[in-house]
Number of protein chains: 2
Amino acid sequence: MDHLKLENQVCFPIYTLAKEMVNKYRSLLEELELTYPQYLVMLVLWEKDEQSVSAIGEKLNLDSGTLTPLLKRLEQKEIVIRKRSQADERMVVISLTAAGHQLKTKAQNVPSAMVDAMSIPVAELKVLKNSIDKILSNL
Amino acid sequence: MDHLKLENQVCFPIYTLAKEMVNKYRSLLEELELTYPQYLVMLVLWEKDEQSVSAIGEKLNLDSGTLTPLLKRLEQKEIVIRKRSQADERMVVISLTAAGHQLKTKAQNVPSAMVDAMSIPVAELKVLKNSIDKILSNL
DNA sequence: CCATTATATATTGTGCACAATATAATTTTG
DNA sequence: CAAAATTATATTGTGCACAATATATAATGG
């Protein structure tokens, strides 16, 4: 077997799936005017308001080079506020505005819409998630 | 269950895995001086030399906005040549240089190194690939 | 206490990824 | 055949993603 053939690649389907997911989210999140990475940041903040850039980055595996400009865009949309911590001036604390909180209501149906679009049995989805978590812990 | 909790997200692990894979490839492909998307284009060309931009794009699900600059970078590395088709002046045919062909030898061990890094049984990998393909056909 | 080290965020630069649009060549149609 | 529609690639603009570096603040050790 030729391991350099595209059809024998294991990672290419994963790479493709991730892109297609983000594309699907583009239409689902259009109404919220959020990109997928921005939506992820909002998920983190909806769970717990007022978190530092690095705390958000640890949860999403994103560094300041990605988050700083992204958070500035969320600030321009007026759904978050960026504020230097008084206790530690190195840290920037991100908090939700009223509009940012309200956006959660509009997002309620997004997860189910996504699962519907993938149209795969929940049981199979669990197996998939298990395999992915296993690979992630190895990589 | 709160469907907007990060830990309940199905797509976040897929998005994370795709990124981690690309990161792993970054070190594996360092010697070849290729990025992962560039490596994918080379896989396509190693299978069949002399393909149009759109033919490559169909196989990799990438459009000209992504491929045109990427292919120009491969041309600068002198591993491919870009040439307008004489039969149809709209098309640009991409072909491998001698150096481009030779690079395949250096790439031989990349797939196995990647599978090793993921360290997951081949059988489980097959199940994973099946689920992914199913979701992809739905999305 | 002050020099050193560590930490947190920001900045710069490169390379995708994709929408929208532009341009040029080819095909189709009236 | 000429106008209209289609096709192929290129360009522009926005937004990640990450490496490398810079800057400012805080913690620490002699």
Side-chain angles (χ1 to χ4, degrees), chain A residues 11-12 15-27 29-30 32-42 51-58 60-77 80-94 139, chain B residues 11-12 15-27 29-30 32-42 51-77 80 82-94 139:
Chain A
C11 297
F12 178 59
Y15 157 79
T16 303
L17 177 58
K19 286 196 305 170
E20 289 304 316
M21 267 179 26
V22 171
N23 287 343
K24 185 67 195 174
Y25 269 114
R26 203 187 318 284
S27 53
L29 295 174
E30 202 169 30
L32 311 192
E33 292 180 82
L34 291 175
T35 65
Y36 181 60
Q38 289 169 8
Y39 169 71
L40 290 177
V41 168
M42 294 307 285
Q51 295 194 58
S52 67
V53 174
S54 53
I56 297 170
E58 271 171 42
L60 300 179
N61 306 300
L62 294 172
D63 69 2
S64 69
T66 302
L67 284 175
T68 298
L70 186 155
L71 290 166
K72 284 182 179 173
R73 283 187 284 272
L74 293 185
E75 192 179 36
Q76 279 197 322
K77 291 179 201 287
V80 308
I81 291 166
R82 296 164 63 249
K83 197 168 187 305
R84 287 273 163 195
S85 162
Q86 288 180 320
D88 185 339
E89 288 271 344
R90 292 171 301 181
M91 293 205 287
V92 170
V93 176
I94 310 298
L139 278 180
Chain B
C11 296
F12 178 60
Y15 157 81
T16 303
L17 177 58
K19 286 197 304 170
E20 290 304 317
M21 267 180 27
V22 171
N23 288 343
K24 185 68 196 175
Y25 269 114
R26 203 187 318 283
S27 52
L29 295 174
E30 202 169 30
L32 311 193
E33 292 180 82
L34 290 176
T35 65
Y36 180 60
Q38 289 168 8
Y39 169 71
L40 289 177
V41 168
M42 294 307 286
Q51 295 195 56
S52 68
V53 174
S54 53
I56 297 170
E58 271 170 42
K59 281 158 193 163
L60 300 179
N61 305 301
L62 294 172
D63 70 1
S64 69
T66 302
L67 284 176
T68 297
L70 186 156
L71 290 167
K72 283 182 179 173
R73 283 188 284 273
L74 293 185
E75 192 179 35
Q76 280 198 320
K77 291 179 200 288
V80 308
R82 297 164 62 248
K83 196 168 185 305
R84 286 275 163 191
S85 163
Q86 288 181 319
D88 187 338
E89 289 269 344
R90 291 172 303 182
M91 292 205 288
V92 171
V93 175
I94 310 298
L139 278 180

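Order of the sequence lines fixes the chain letters, A, B, ..., with proteins taken first and strands second; residue numbering starts at 1 for each chain.
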Result for 5'-nearest mapping on DNA chain C, choosing between Glu20(A) and Gln86(B), is Glu20(A)

Glu89(A), nearest nucleotide to its side chain (from dA26(D), dA10(D), dG15(D)): dA26(D)

Rounding to 0.5 Å, atoms CG (Leu71(B)) and CD (Gln38(B)) come to a distance of 9.5 Å

Figure out the CD/C1' separation between Glu58(A) and dA8(C), and round it to whole Å. 11 Å

What residue pairs, at least two apart or across chains, pass salt bridge (charged side-chain N to carboxylate O under 4.0 Å, His left out) with a residue in residues 63-77 of chain A? Glu75(A)-Arg82(A)

Met21(A) CE to dC16(D) P, in whole Å, measures 15 Å

For Val93(A), give me all partners under side-chain contact (heavy atoms from CB on, under 4.5 Å), at least two apart in sequence or on another chain. Glu50(A), Ser85(A)

Respond yes when some side-chain nitrogen or oxygen of Arg84(B) is under 4.0 Å from OP1 or OP2 of dA25(C), and no when none is. no

Atom CZ of Arg26(A) and atom C1' of dT14(D) are separated, to the nearest Å, by 11 Å

Just how far, in rounded Å, is C1' of dA17(C) from CG of Leu40(B)? 13 Å

Between Met91(B) (CE) and dT7(D) (C1'), how many Å, whole number? 10 Å

Contacts of Ser54(A) meeting side-chain contact (heavy atoms from CB on, under 4.5 Å) (sequence neighbours excluded), chain-then-number -> Ser52(A)

Please report the distance, rounded to the nearest Å, between CG in Leu29(B) and P in dT14(C). 20 Å

Whole-Å distance separating the CD1 atom of Ile56(A) from the C1' atom of dT9(C): 12 Å

With DNA chain D as reference, determine whether Arg90(A) or Asn61(A) sits nearer its 5' end, using the nearest nucleotide of each. Asn61(A)

I need the single residue from Thr35(B), Leu34(B), Leu70(B) that forms a side chain to side chain contact (heavy atoms under 4.5 Å, CB included) with Val41(B). Which is it? Leu70(B)

Among dA10(C), dC16(C), dC18(D), which nucleotide sits nearest the side chain of Thr35(B)? dC16(C)

Arg84(B): side-chain contact (heavy atoms from CB on, under 4.5 Å) partners, not counting sequence neighbours: Glu89(B), Val92(B)

Close residues, residues 65-72 of chain A, relative to DNA chain C [heavy-atom separation under 4.0 Å]: Gly65(A), Thr68(A), Lys72(A)

Does dT9(D) have its OP1 or OP2 closer than 4.0 Å to a side-chain nitrogen or oxygen of Ser54(B)? yes

Determine the contact category for Ser64(B): base if any of its heavy atoms lies under 4.0 Å from a base atom, sugar-phosphate if only primed atoms, P, OP1 or OP2 are that close, otherwise nothing. base

Distance check: side-chain N/O of Asn23(B) vs OP1/OP2 of dC18(D), anything under 4.0 Å? yes

How do Ala87(A) and Asp63(A) order along DNA chain D: which one's closest nucleotide is nearer the 5' end? Asp63(A)

Between dA17(D), dT9(D), dA25(C), which one does the side chain of Asp88(B) approach most closely? dA25(C)

Residue set satisfying side-chain contact (heavy atoms from CB on, under 4.5 Å) with Glu58(A), at least two apart, ordered chain then number -> none

If you count the non-hydrogen atoms of other residues, nucleotides and ligands that lie under 6.0 Å from NZ in Lys19(B), is the total more than 12? yes

Of the listed nucleotides dG15(C), dA10(D), dA17(C), the one nearest the side chain of Leu62(B): dA17(C)

Taking 4.0 Å as the cut-off, does a side-chain nitrogen or oxygen of Tyr36(B) come that near to OP1 or OP2 on dG15(C)? no

Just the rounded figure in Å: distance from C1' of dA20(D) to CD of Glu30(B). 14 Å

